[in-house]
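Reading through the structure tokens given below for one structure.
Letters go in sequence order (proteins before strands), and every chain restarts at 1.
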Amino acid sequence: MDIVEINSLTFDYIRRDEEGNVEGITTAVDDLTLSVKPGEFIAVLGHNGSGKSTMARHINAMLMPTEGNVLVKGMNTRNSEKHLDIRKCAGMVFQNPDNQIVGQLVEEDVAFGPENLGVPADEIRARVDESLKAVGMYAYRKNDPVKLSGGQKQRVSIAGVTAMHPDCIIFDEPTAMLDPAGRKDVIETAKKLNREGITIILITHYMEEVTGADRVIVMNKGKAVMEGTPKEIFSRVPELKALRLTVPQVTELAWELKQRGLDIPAGILTEAELIAAIRGNARNDG
Amino acid sequence: MIRDITLGKYYNADSPVHRLDPRTKLIITFAYLISLFIYKSPAVYICAFIFLLSATLVSKVPFKYILKGLKPVWFILIFTSLMNLFFTGGEPVFSWWRINISREGIERTGLMLSRFMLMIFGSNLMTLTTTPTRLTSALESLMKPLKVIHFPVHEIAMMMSIALRFIPILVDETNKIMKAQLSRGADFESGNIFRKVKSLVPVLVPLFISAFRRAGDLAMAMEARCYHGGEGRTQMNPLRYARRDGAAFAVFIFYIITIVFWGSLIPRITG
């Protein structure tokens with residue numbers, strides 16, 4: 001069974017004036033269908049306003065579909081009795097590291113989720129320690145979150161989600177407010193959790209971050225316009241550029257070289273691949 | 001610029017007083033304050049002083065931290081002391097020009113000063129040895145009976161702890177906004193009090209907007225982590241009374257008995 005099933009989801013933001021009359025309707029997600037298998041690492045790409053965050057919030061039952069259905073582990077998000085179960089199953093990490101930490105100490109914050117679920121005290125302690133170790137923040141468990149760096153705060157937030165033992169974690173642009181080092185930490189943590197069997201849905205607009213994903217979905221104007229492995233997606237450089245997405249430098253260089261007649265395979269993701277491809281060319285020429 | 005605001009001013013140490021259940025400390029401090037209000041005799045104050053002194057020694061909190069509690073109120077203390085000293089009628093011990101200082105005035109000032117200081121130092125000791133989080137959970141636990149009359153105990157405790165968590169963030173943000181305004185030529189320093197207050201409006205508006213945005217984000221993040229009020233919620237470190245809490249209550253009851261005994265033995269000074 002698929003862990004997340006999105007069936008022709010449409011969501012409209014309705015703007016109202018002071019009297020409550022409808023002023024305008026913005027369709028944020030437009031007839032989107034997507035299914036995620038357990039253990040998959042899915043990346044959703046798109047520039048601002050492409051509807052990717054709106055889509056993500058449906059999976060966690062924070063938003064209700066205007067049309068269509070969202071099923072998490074077979075539970076429909078329209079059924080409000082199931083909301084707690086859905087949120088327990090699909091955790092979410094948000095963009096701003098400051099605005100999602102509730103506790104005054106790192107470990108108190110990580111305990112917040114399990115406390116809400118009514119987990120007994122001893123088990124909360126065990127889960128908090130385990131989650132903090134998994135994200136490499138155990139040494140900071142007694143620290144004040146305010147004094148941590150952005151990347152560290154995001155890792156605490158991730159620990160806060162994993163302590164609830166979710167099957168799936170949705171990352172809603174977790175790196176948008178971080179420096180490069182923090183960004184790398186967070187993505188590495190996400191990949192590590194995925195290796196441990198947690199389904200990851202990563203929403204981002206940094207192309208570099210999606211190279212490790214099993215599947216990439218590119219969204220534009222509320223629709224999924226491209227879908228495929230990172231290699232397939234990155235071999236379509238002109239289309240990505242048309243969607244105002246910046247392609248990783250290596251991929252772009254490889255594509256340009258290919259346009260100039262070099263025999264380089266499409267969809268180069270890493271420097272090592274490009275070097276190997278160029279060496280192969282040199283050998284063939286010589 | 002607003003400097004570092006430390007609320008609760010917790011002094012980190014490991015002592016029997018620190019380890020006491022926060023509810024014990026809250027109850028004892030409250031009863032101690034009441035005891036100071038009921039009795040007005042030097043003997044009782046000496047008892048209270050000995051009690052407080054021993055508690056402070058056990059708590060390992062340096063005296064200068066306890067004395068810091070006087071900082072915000074020293075002016076009021078001096079002012080009321082002088083008022084009491086000069087304007088209490090009675091048998092004069094010292095008089096010069098129009099100033100009369102009476103024996104009653106000296107007595108009353110001394111009593112008032114010692115009472116205030118005992119009160120401030122006592123409540124200070126509690127906040128110095130208890131983290132705001134523990135204090136909040138103590139309040140939540142002690143107010144639980146009020147749930148019967150549908151008083152939102154859990155909600156208020158949660159609000160308090162979130163407020164405490166966001167104070168440093170909002171202070172930081174205020175400084176950022178003020179610097180941003182200063183760099184564009186805003187002037188927060190000159191002019192009279194009204195001008196200064198007025199110049200703060202451009203700081204408060206963005207601060208409020210961002211606070212509301214943060215509140216919205218936080219609410220969503222809390223909901224995403226299955227927060228649904230206090231119903232069915234457990235705690236990682238639930239409050240538990242231990243043997244040392246019994247000991248603390250025993251010492252405190254001994255103090256109460258002593259002051260009740262002394263308070264009735266020595267006639268009260270009215271005033």
- [ ] Give a yes or no on whether a salt bridge exists between A:D109 and B:R225, defined as a side-chain N under 4.0 angstrom from a carboxylate O.
- [x] yes
Task: Salt-bridge criterion met for A:K133 and A:D129 (N-O under 4.0 Å) - done: no
Task: Part of A:N60 lying under 4.5 Å from any heavy atom of chain B - done: side chain
- [ ] Check whether A:R57 gets within reach of chain B through its side chain, its backbone, both or neither, counting any heavy atom under 4.5 Å.
- [x] side chain
Task: SB check B:R240 B:D21 (cutoff 4.0 Å) - done: no
TODO: Please state whether the rings of A:F11 and A:H58 are parallel, tilted or perpendicular, taking 30° and 60° as the class boundaries.
DONE: perpendicular
Open item on the list: For A:I170, which atoms come within 4.5 Å of any heavy atom of chain B: side chain, backbone, both, or neither?
Closed with: neither
Open item on the list: How about CZ on B:F249, more than 12 heavy atoms from neighbouring residues, nucleotides or ligands closer than 6.0 Å, or not?
Closed with: yes
Task: Proximity breakdown for B:L218 and chain A, heavy-atom pairs closer than 4.5 Å - done: both
Open item on the list: Taking NZ in B:K147 as the centre, count heavy atoms belonging to other residues, nucleotides or ligands within less than 6.0 Å. Is the count above 12?
Closed with: yes
- [ ] Give the member of A:V119, A:I101, A:I124, A:D85 that has the highest number of heavy-atom pairs under 4.5 Å with chain B.
- [x] A:I101
Open item on the list: In terms of relative ring orientation, are B:F212 and B:F208 parallel, tilted or perpendicular, with 30° and 60° separating the classes?
Closed with: tilted
Open item on the list: Is it the case that atom CZ in B:F116 sees more than 12 heavy atoms from other parts of the structure closer than 6.0 Å?
Closed with: no
- [ ] Would you mind telling me which of A:E123, A:R127, A:E107, A:M92 has the largest number of heavy-atom pairs within less than 4.5 Å of chain B?
- [x] A:E107
TODO: With a 4.5 angstrom heavy-atom cut-off, could you sort out which part of A:F112 is near chain B: side chain, backbone, both or neither?
DONE: both
TODO: Select one option (side chain, backbone, both, neither) describing which atoms of A:P166 are under 4.5 Å from chain B's heavy atoms.
DONE: neither
- [ ] Please look at A:D172 and chain B and tell me whether the side chain, the backbone, both or neither of the residue comes under 4.5 angstrom of a heavy atom of that chain.
- [x] neither
- [ ] Pick whichever of B:P238, B:G229, B:A221 has the most heavy-atom pairs under 4.5 Å with chain A.
- [x] B:A221
Open item on the list: Between A:Q95 and chain B, with a heavy-atom cut-off of 4.5 Å, which part of the residue counts as in contact: side chain, backbone, both or neither?
Closed with: neither
Task: Per-residue contact mode, A:V93 against chain B (heavy atom under 4.5 angstrom) - done: neither
